[in-house]
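Per chain, numbering begins at 1; letters A, B, ... match sequence-line order. Everything numeric in this text was worked out from a predicted model, so none of it was measured.
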There are 2 protein chains.
Amino acid sequence: MEKLTIKDIARLADVSTATVSNYLNGNYSRMSEKTRKRLSDMIRETNYVPSSVARGLATNNNKTIGVSVADITNPFTSTVLSGIYDACGKLGYTVVFTNASSDSQIEIDNVNKLKHQEVSGLIIDPVDAENAIFKTLNNDSTVMIDRQAAAVRIDSIVTDNFNAVSQFIGDMKKSGYADEDLYFISWPLQNVSTRMERYRGFKSATGITDDSHLILVDDVGDNEYFVSQIKQIMNKKRNGKVGFFTMNGRVLLHLLKAMQKLGYRYPDDVGIGSYEDLDWMEIIQPGISCIHQDSFNLGVNAVNTLVHKLQDEKTKHFVPQLIEVPTMIKKRGSY
Amino acid sequence: MEKLTIKDIARLADVSTATVSNYLNGNYSRMSEKTRKRLSDMIRETNYVPSSVARGLATNNNKTIGVSVADITNPFTSTVLSGIYDACGKLGYTVVFTNASSDSQIEIDNVNKLKHQEVSGLIIDPVDAENAIFKTLNNDSTVMIDRQAAAVRIDSIVTDNFNAVSQFIGDMKKSGYADEDLYFISWPLQNVSTRMERYRGFKSATGITDDSHLILVDDVGDNEYFVSQIKQIMNKKRNGKVGFFTMNGRVLLHLLKAMQKLGYRYPDDVGIGSYEDLDWMEIIQPGISCIHQDSFNLGVNAVNTLVHKLQDEKTKHFVPQLIEVPTMIKKRGSY
DNA sequence: CTGTTAGCGCATTCAG
DNA sequence: CTGAATGCGCTAACAG
C-alpha cells in the first residue's frame, strides 16, 4: 500500500520521469507508440495516481476552486452547492468548502483563507455583497452568486428577482387584489440585494411608492409586534381581500404562524404568495403559490463561467457582468 | 500583489529560510529573541502567509480533511456539514467537499478522488454503508457518520435511532394508542441502517414481530398504492385511533399529502409522529410531534474524533467504535 | 522522439 | 543559535 511516485513508474517502465509526465499530460506526440502503450499498462497495473499537491506546486494551478457560502443550512444554498460540485466534477476541479454561517466577519476570514489556499478560482455566495474584502478580489478568477453589490465589480449570477416578483404580483392583481390591499413581508432589507430587488418588483407592480406596505419580521423571538401589525391590516376591513407576499420561505413560515395565531385562513380570509419554492409548500393545504428558482443550475452556471475565465489565458481583465437567470411561477391554491 | 515566499521574508529579515521555517512552526527556542521579534514584525508587515501546498508536499500532511456526503440537499446533511466546517476551522483544517447525490457509484468515485487527493483524513456520510469501497479505508484516518455498516470496521457516529423511536412509540402508547393501531411508514428499508434501526425501535415498542405494520413509500411518482394502503388502514374502523410514525420528514410529507387527499385530519382522525425535526413541522397546525437530532453536533463530533486519531501518532490501529448520540423528543399536537 | 536538469515553496537534517 | 544542502513529486525548458 506504499505510495507510488512518478519516479517509481518511470523506473518500472524504464523511461525518464519526464516521459511519464508527458504521458500524464497527454503529450503523446513526444514519445513512441511503444512506450506510450507500456506506460498505459504500467499505470493501470499499479493503479498509480499522480499527486495533485506536487502538481499544484509545480504548475501553480491546483485545479481547485474555493467556495464561500453565506449559510449552508439554507436549502437554497445547499442546492446551489450541489450544482457547483456537480459541475466542478465534470471539469476535473476539486472544491474546498467554506461556510460563513451568515456572519460577515467569518466571511472575511473564509475569503482570506481561500485566497491563501492557492485555489485557482473563487465562487462566493456572499453574506454581505458590499463587504470590503471583496474589493481585494480579482474578477478574472472569481464569480459571485445570488446577492450582488450595488456596483458590480465581479461577475455576478443572480436570479431575476425584480421581474419575477413584479410579474407574480401582477398575476395577483389580475386575480382581483387591489394595489392597496397588497403587502410585502420581509426580513429587514439591510441593503441585501435580493430583498431590495424583490421589494422593488413589488413596488413597481403595485405602484406603491412609500414603505407603508412593507412589513418586517425578524427570524428570532416571538415577533409580537409583527403579529400585531398583521392583525391591524386584517382588521382594516376594506372591500377587497388582503394579499401578502413573503420574501422567502422562512418569512412565509412566520406569516403562517401569525395567521394561525390570529385565526385567519387562506385563501378564504387572505391571499398568500411567496418567493422560494420549498417541498412543504406543495404539501400543506392549500399549496402555496410561489416563485421557483433553479438553484442547482445557478451553481452549475457559476462554475462554468468561472472556469471559462480561468482557462481563457489571453483575454484577461474581463469586464464585470451581471447575469440574471429566469425563475418560474408555480400557481397553487394560496391566493 | 506579488506572492511572497519564505525566501523573500528570509532575505528581508536577513536570516536563512530555515530560521523562518522554524519561526513559522513555533520552534522559538531555535533562535534569538531578537530575530524572533524581527520575523514577527516582518511577517505582519508583509502580510506573508506560507503556502499550504508547498508545506503539504514537504510534510505529506496538508491538514485538510475530505468529506463525502450522501446528499447535500438533505437538511440533515447540510447541518452536519455546517458542524464539520465549524469544527475544522477551529482546528486549522481545510475541508474539501464531495457530494454523492444519493448515488452509490458517485460515492465510489468521490472516495477514490479523496483518497488520491492526499487528504489527512476522511469523514463519510455514506449512501450505502456496505459499499465495498469502504473496505479500502483505514480506521486510523476516517470516520463514518449517520449510517453504519452491519459490521462496524470504521468508527461510526450515529444518532440513537433504536432507543429514540422505541421511546417515542412508548409515549404514544401511553397516550392511548394500541399496538395494533400503530404503523411505521418508511422508504424501502434497503438495508439502510437508520431506517432499519428506527423500524426495529418501532417493533420493539409495539411488540409487533411481522411486517404487517410496515408501510412503504417512494419519494417519486404519485404513490397511488401508498394512498390506497393508508385508506384501507383508516377504513378498518377499530375502537382505537390509528397512529402513524414516519421515518423522516419527507416521508411525513407524503403521509400528510395522502391524509389530505383522503380528507382525514390529525390529531382528530389520526395521530402522527415523525423522526426528524424540520422548521415547518413547528408551524403547520397542529405542530408535528417528532424526534429531534442535533445534527450540527454530530458533525463537530465527527471532526473531533477524527482529528484526535490523526494527531495521536503512536496509538495507531484504533479499534472501531460505534458512538451513539442522544436525541430529543419534541411533543407538539399531532397525536 | 527521449532524457537531463532545474526549479515550485517549504521542512528538515546536519554542520558550523 | 544559524545557515547551507537536500528532498517532497511533479512540470518545463532544454539538450541530445
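A salt bridge links D86(B) with K90(B): the closest approach of a Lys/Arg side-chain nitrogen to an acidic carboxylate oxygen falls below 4.0 angstrom.
Listed pair S16(A) / dT4(C) fails the phosphate criterion, with no side-chain N or O lying under 4.0 Å from OP1 or OP2.
A ring pair (Phe, Tyr, Trp, His ring centres under 6.0 Å) check over residues 72-92 of chain B, counting only residues at least two apart or in different chains, returns the pairs F97(A)-Y85(B). Sorted by first and then second residue, the salt bridge (charged side-chain N to carboxylate O under 4.0 Å, His left out) pairs involving residues 118-135 of chain B (not counting sequence neighbours) form an empty list. The ring pair (Phe, Tyr, Trp, His ring centres under 6.0 Å) analysis of residues 35-59 of chain B, with sequence neighbours excluded, yields no pairs.
D71(A) and T77(A) share no side-chain donor-acceptor pair at under 3.5 Å. Under the 3.5 Å distance criterion, with hydrogens and angles disregarded, a donor-acceptor pair is assigned to the side chains of T159(B) and Q293(B). T194(A) and N161(A) share no donor-acceptor pair across their side chains, judged by distance under 3.5 Å alone.
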Indicate for each nucleotide in nucleotides 9-16 of chain C, in 5' to 3' sequence, whether protein heavy atoms under 4.0 Å reach the base (B), only the sugar-phosphate (S), or nothing (-). BBBB-B--

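Taking the salt bridge (charged side-chain N to carboxylate O under 4.0 Å, His left out) definition, one finds that R11(A) meets it with D8(A), sequence neighbours left out.
Where DNA chain D meets chain A (any atom under 4.0 Å from a heavy atom), the bounding nucleotides read 5' to 3' are dC8(D) to dC14(D).
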